[in-house]
Chemist: 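Structure below; questions to follow.
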Amino acid sequence: MFTGDRSGEWLFRALHRAAFANQPHATDRNDGLELSDAWVTASVHCAPPDNKPTPTERDTCQSWLKQEMGLLLPQLRVIVALGGFGWIQTLKVLQEAGWAVPRPRPKFSHMAEVRLESADGEAWGGSVTLLGSYHPSQQNTFTGRLTEEMFDAVWSRARELAGR
């Protein structure tokens, strides 16, 4: 995921600087990239036209996100949602899995942070912190809406939370 595109260049450099990746680039599946204490996934597993997933694409891919999160939740401490779409989908999947999501749902913003508790207690890891970040798309990085310093701040906070 993100391998070989501009968003991935930003993502893997930031993951490397925050010590989540052994190298700052991902060019193909055999390039030696290894993640540590991190998992990269997406709410939608295709490249939709105009970067806007349809409700059908969102709903079709949601089962994969549920499965991945179900496997990860027992040891998961922090989730970084890239963009508002990822934020909304993460909250939706967590709520459907029985996590206590505040009402109204927390709003997305860059550096938004919300701690969520599992309704099943320790069986699902107890709690997880959701962090928001602008997506490292060219639309955001070329315009300066997202800078490397802003992106690094998110990953530094994620590293801090993962260490608790």
Chemist: So, the side chain of His110 versus the backbone of Tyr134: is there a donor-acceptor pair under 3.5 Å, distance only?
Modeler: yes
Chemist: Any side-chain heavy-atom pair from Leu91 and Pro106 closer than 4.5 angstrom?
Modeler: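 Of all side-chain heavy-atom pairs linking Pro106 with Leu91, at least one is under 4.5 Å.
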Chemist: So do Arg105 and Arg103 actually touch side chain to side chain, heavy atoms under 4.5 Å?
Modeler: yes
Chemist: For the pair Glu68 and Trp39, evaluate side chain to side chain donor-acceptor pair (under 3.5 Å) and give the outcome as yes or no after the intermediate values.
Modeler: CA-CA 9 Å; Glu68 287 177 300; Trp39 181 263; 3.2 Å; yes
Chemist: Closest heavy-atom contact between Leu33 and Asp31?
Modeler: N-OD1, 2.9 Å
Chemist: If I take atom CG from residue Leu82 and atom CG from residue Leu131, how far apart are they, to the nearest 0.5 angstrom?
Modeler: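 Leu82 CG to Leu131 CG: 10.5 Å, rounded to 0.5 Å.
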Chemist: Do Phe12 and His25 have ring centres separated by under 6.0 Å?
Modeler: no
Chemist: Rounded at 0.5 Å granularity, tell me how far OG in Ser127 sits from CG in Leu76.
Modeler: 10.0 Å
Chemist: Any non-hydrogen side-chain atom of Ser36 less than 4.5 Å from a side-chain atom of Asn22?
Modeler: no
Chemist: Below 4.5 Å, heavy atoms only, C-beta onward: do Thr143 and Gln138 meet side chain to side chain?
Modeler: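 No. Closest side-chain heavy atoms not under 4.5 Å.
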Chemist: Side chains of Val114 and Thr129, heavy atoms from C-beta outward: is any pair under 4.5 Å?
Modeler: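 Side-chain contact under 4.5 Å: no.
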Chemist: Start with the C-alpha gap between Met69 and Ile79, add the side-chain angles, then the distance that decides, and say whether side chain to side chain contact (heavy atoms under 4.5 Å, CB included) holds.
Modeler: CA-CA 10 Å; Met69 288 184 63; Ile79 299 169; 3.7 Å; yes
Chemist: Less than 4.5 Å apart, side chain to side chain, heavy atoms only: is that true for Pro24 and Arg17?
Modeler: no
Chemist: Taking atom CG of Leu65 and atom NZ of Lys92, what is their separation to the nearest 0.5 Å?
Modeler: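 Reported value, rounded in 0.5 Å steps: 10.5 Å.
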Chemist: Within the side chain of Asn140, is there an N or O that forms a donor-acceptor pair under 3.5 Å with the backbone of His135?
Modeler: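 Judged by distance alone, yes, a pair lies under 3.5 Å.
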Chemist: Considering non-hydrogen atoms only, spot the tightest contact between Leu116 and Ala100 and give its length.
Modeler: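 Scanning both residues completely, I find the closest heavy atoms to be CD2-O, 3.6 Å.
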Chemist: So, taking the atom named CG in Leu11 and the one named NE2 in His16, what distance separates them when rounded to the nearest 0.5 Å?
Modeler: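 Spacing of CG (Leu11) from NE2 (His16) equals 13.0 Å.
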Chemist: What class does the angle between the rings of Phe20 and Trp155 fall in, given that below 30° is parallel, 30 to 60° is tilted and above 60° is perpendicular?
Modeler: perpendicular
Chemist: Does any part of the side chain of Leu130, heavy atoms only, come nearer than 4.5 Å to the side chain of Leu94, both counted from C-beta?
Modeler: no
Chemist: Please report the shortest heavy-atom distance between Leu146 and Pro136, naming the atom on each side.
Modeler: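 Where Leu146 meets Pro136 most closely, the heavy atoms are CD2-CA, 3.7 Å.
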Chemist: Side chains of Phe108 and Ile88, heavy atoms from C-beta outward: is any pair under 4.5 Å?
Modeler: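 No, side chains not in contact.
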Chemist: When rounded to the nearest 0.5 angstrom, what is the spacing between OG1 in Thr41 and CD in Gln67?
Modeler: 10.5 Å
Chemist: Is any NZ, NE, NH1 or NH2 atom of the basic residue among Arg115 and Glu113 found under 4.0 Å from an Asp or Glu carboxylate oxygen of the other?
Modeler: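 No.
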Chemist: Is Arg6 reaching over with its side chain to a backbone N or O of Ser137, donor-acceptor style, under 3.5 angstrom?
Modeler: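 No, Arg6 side chain to Ser137 backbone: no donor-acceptor pair under 3.5 Å.
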Chemist: Is any NZ, NE, NH1 or NH2 atom of the basic residue among Asp37 and Arg77 found under 4.0 Å from an Asp or Glu carboxylate oxygen of the other?
Modeler: no
Chemist: Rounded to the nearest 0.5 Å, what's the gap from OG1 on Thr90 to CD on Gln95? Could you check?
Modeler: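 Here the interatomic distance stands at 12.5 Å.
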